[in-house]
Amino acid sequence: MGMLLTRLKLNEPLIAADVIDGEAVIMNLGKGHYYSLVDTSADIWRMLMAGWTGADAAAALAARYGIEPGIVRADVEKFIGLLAAEDILVADSAPPAVPGAFPDLAPGYDPPVLSTFSDIKDLLALDPPLPDYFTAGAM
Amino acid sequence: MRILFLCETFWPAIGGVETRARHFVPAMRNRGHEMLVVTTREAGGELPEADQIAGVPIRRLALRAAFERNDFTRIVAAKRQYAQIRAAFAPDLVHCFFSGLITLLEASVELAPPVPLLASFTTWPFEAGGKPAAIFGKLLDRAAWVTANSARLRDTLVALAPAILPRSAVVYSGNPWPDRDPEPLPCDPPVLLCIGRMLETKGFDLAIRALAPLAAKVPGIRLQIAGDGPARGPCAALADSLGIAARVDFLGWVHPDRISALINAASIVIVPSRWEEAFASVAIQAAQMARPVIATDCGGMAEAVVDGETGLLVPREDATAICRAVLRLLDDMPAAVAMGERARLRAAELHSWPAYLDAFDDLYRRLGKLPVPAQPDKIPA
């Protein structure tokens with residue numbers, strides 16, 4: 001069962017996250033890793049952040065898309081496992097609150113995927129220095 | 001057509017891709033396309049956020065600085081800013097000309113309005129550890145069409161993402177033809193030339209190591225290194241420790257408009273890279289000036305330099321092989337001259353600037369009419 005029945009929260013201050021134009025953007029400030037969630041993944045994220053348990057989110061998605069509940073439940077459990085393994089989410093021990101409203105969902109169901117960009121440092125290393133004749137105003 | 005042109009770094013940053021983009025963008029505007037360049041801003045922030053080049057607007061986002069500082073708030077702000085810029089411009093096509101962090105703005109999520117994405121690959125899609133970089137996989141996943149600047153790079157991309165096979169092509173890099181004619185190869189004394197960012201991956205230290213035995217055999221031979229970067233200090237120290245500091249000229253950055261003159265004063269151009277060069281622009285520039293090239297056999301370099309015909313290929317990390325190759329060319333200057341001439345002819349055919357522009361102009365027009373796939377083929381993570 002893992003963390004399916006547990007309410008989860010962001011592992012702050014290590015993790016920062018926001019939802020922009022339907023994409024959940026997450027950053028591990030310790031490792032410098034960047035994560036992106038879209039479509040069903042972003043929907044599950046918003047539900048978890050609104051106080052839903054993984055089990056409740058899976059049940060709601062299964063009903064909404066008419067998919068075998070066991071399949072969605074397994075997908076969500078695996079997805080939460082990935083988020084926990086990356087230290088993105090931790091169990092929330094605060095007293096239960098009323099979960100947020102059922103969000104607008106993506107038009108179709110895709111098994112949730114955590115897109116991880118662990119190569120940010122390599123991409124930064126490609127940064128070329130600005131030639132000194134520009135910075136010195138020699139041009 | 002309205003083309004949103006994504007370029008990780010852009011003029012006045014210098015590199016093969018940046019220099020090409022500097023000429024490419026105004027040229028495509030002259031072909032009737034409305035261009036908007038979106039690029040990243042350097043950490044120091046000296047360059048303005050809104051700028052223009054030859055009448056083409058440029059927007060610089062502080063994305064690199066935000067990632068360098070792990071500043072999540074600024075990363076989010078840059079993403080929002082990009083979404084606003086994109087929505088206001090309403091492009092017919094997004095062309096990711098030089099991928100990098102900027103790709104995160106476009107490749108993760110379908111922004112409004114949904115338009116085709118053209119992805120041009122000019123760098124090897126791997127991290128330092130040899131694992132495919134996630135960002136490039138994402139780009140391949142979403143691209144309506146993929147171009148690679150060498151067949152070897154395209155094969156590598158197809159191996160990573162077989163689904164792109166029917167929607168990908170090789171477009172060899174083009175360079176504007178230099179405005180000067182080649183001069184005879186200087187041989188008394190000979191001049192060796194390396195050009196590029198002074199990064200460890202570029203292997204300029206190998207050229208210095210190769211020079212040490214050459215200095216004892218070839219009177220007056222010199223090595224010029226044009227460029228700057230973190231490897232400059234270690235390279236200077238290496239030259240000093242080998243007792244050849246007086247034979248090595250560290251020229252610093254040389255303006256791209258002066259590169260052809262610099263090559264004209266060289267006998268041989270060396271590309272000693274130890275990373276996978278997708279297709280070194282310097283090799284094209286050298287060929288245009290009828291210079292033989294000695295290059296490491298890595299990445300797509302075997303397509304840039306035809307071994308024994310337009311230059312010589314040497315194994316990676318092999319300063320001795322570079323030394324031998326230089327001696328081979330210097331010992332038979334007529335053959336070296338002939339290699340340079342063949343390289344120039346090949347460059348005129350394979351790296352024609354008008355043909356390069358034609359290829360992308362055609363892609364712009366064809367892709368702009370394509371319906372956007374509702375469910376792009378997924379690439380396994």
Side-chain angles (χ1 to χ4, degrees), chain A residues 10 12-39 41-43 45 78-79 82 106-139, chain B residues 8-9 11-15 18 40 42-44 46-47 64 67-68 70-73 75-76 79-80 83 98-104 107-112 123 126-129 131-138 141 197-199 201 227-230 252-256 374-375 378 381:
Chain A
L10 206 59
E12 293 176 305
L14 180 69
I15 304 295
D18 202 346
V19 177
I20 311 165
D21 297 316
E23 177 191 15
V25 175
I26 306 163
M27 183 119 194
N28 184 319
L29 301 173
K31 296 179 181 173
H33 291 184
Y34 176 95
Y35 309 88
S36 169
L37 305 176
V38 297
D39 302 328
S41 312
D43 290 340
W45 174 265
K78 183 179 171 189
F79 179 60
L82 292 173
Y109 177 82
D110 284 318
V113 175
L114 174 65
S115 294
T116 304
F117 300 92
S118 58
D119 41 16
I120 299 296
K121 286 190 177 68
D122 290 326
L123 295 167
L124 286 169
L126 295 175
D127 191 12
L130 198 64
D132 51 12
Y133 49 74
F134 286 110
T135 50
M139 283 298 297
Chain B
E8 176 74 1
T9 51
W11 180 264
I14 288 187
E18 294 89 342
T40 55
E42 81 287 8
E46 291 92 348
L47 296 171
R64 297 188 76 88
F67 272 107
E68 280 168 2
N70 260 359
D71 187 338
F72 185 72
T73 304
I75 291 170
V76 168
K79 284 186 75 80
R80 289 193 200 284
F98 183 13
S99 183
L101 291 171
I102 202 157
T103 313
L104 290 172
S108 295
V109 66
E110 186 83 79
L111 293 169
T123 55
F126 292 98
E127 297 179 53
K131 187 177 119 190
I135 201 164
F136 294 125
K138 205 60 135 172
D141 190 12
R197 294 173 194 159
M198 292 201 69
L199 303 173
T201 50
D228 210 338
W253 288 111
V254 173
H255 192 285
Q375 289 289 327
K378 297 291 182 190

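In what follows, chains are A, B, ... by sequence order, proteins preceding strands, each numbered from 1.
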Handout entry: Best-contacting candidate, Leu104(B), Thr201(B), Leu101(B), against chain A by heavy atom pairs under 4.5 angstrom
Key = Leu104(B)

Problem - Pick from Asn28(A), Asp18(A), Asp21(A) with the largest number of heavy-atom pairs that fall under 4.5 Å of chain B - result: Asp18(A)

Problem - Residues, nucleotides or ligands: over 12 heavy atoms within 6.0 Å of Lys31(A) NZ - result: yes

Practice task
Just jot down the side-chain contact (heavy atoms from CB on, under 4.5 Å) partners of Val38(A), sequence neighbours excluded, or say none.
Solution key: Glu23(A), Ser36(A), Val109(B)

Completion exercise
Shortest non-hydrogen pair, Phe72(B) vs Val25(A), comes out as CZ-O, 3.3 Å

Problem - Interatomic distance, Tyr34(A) atom OH to Ile75(B) atom CD1 [nearest 0.5 angstrom] - result: 7.0 Å

Problem - Nearest non-hydrogen partners of Met27(A) and Asn70(B), listed with the distance - result: CE-OD1, 3.2 Å

Practice task
Check whether Ile26(A) gets within reach of chain B through its side chain, its backbone, both or neither, counting any heavy atom under 4.5 Å.
Solution key: backbone

Exercise for the section: Can you measure from CG (Asp71(B)) to CG (Leu29(A)) and round to the nearest 0.5 angstrom? Expected result: 9.0 Å

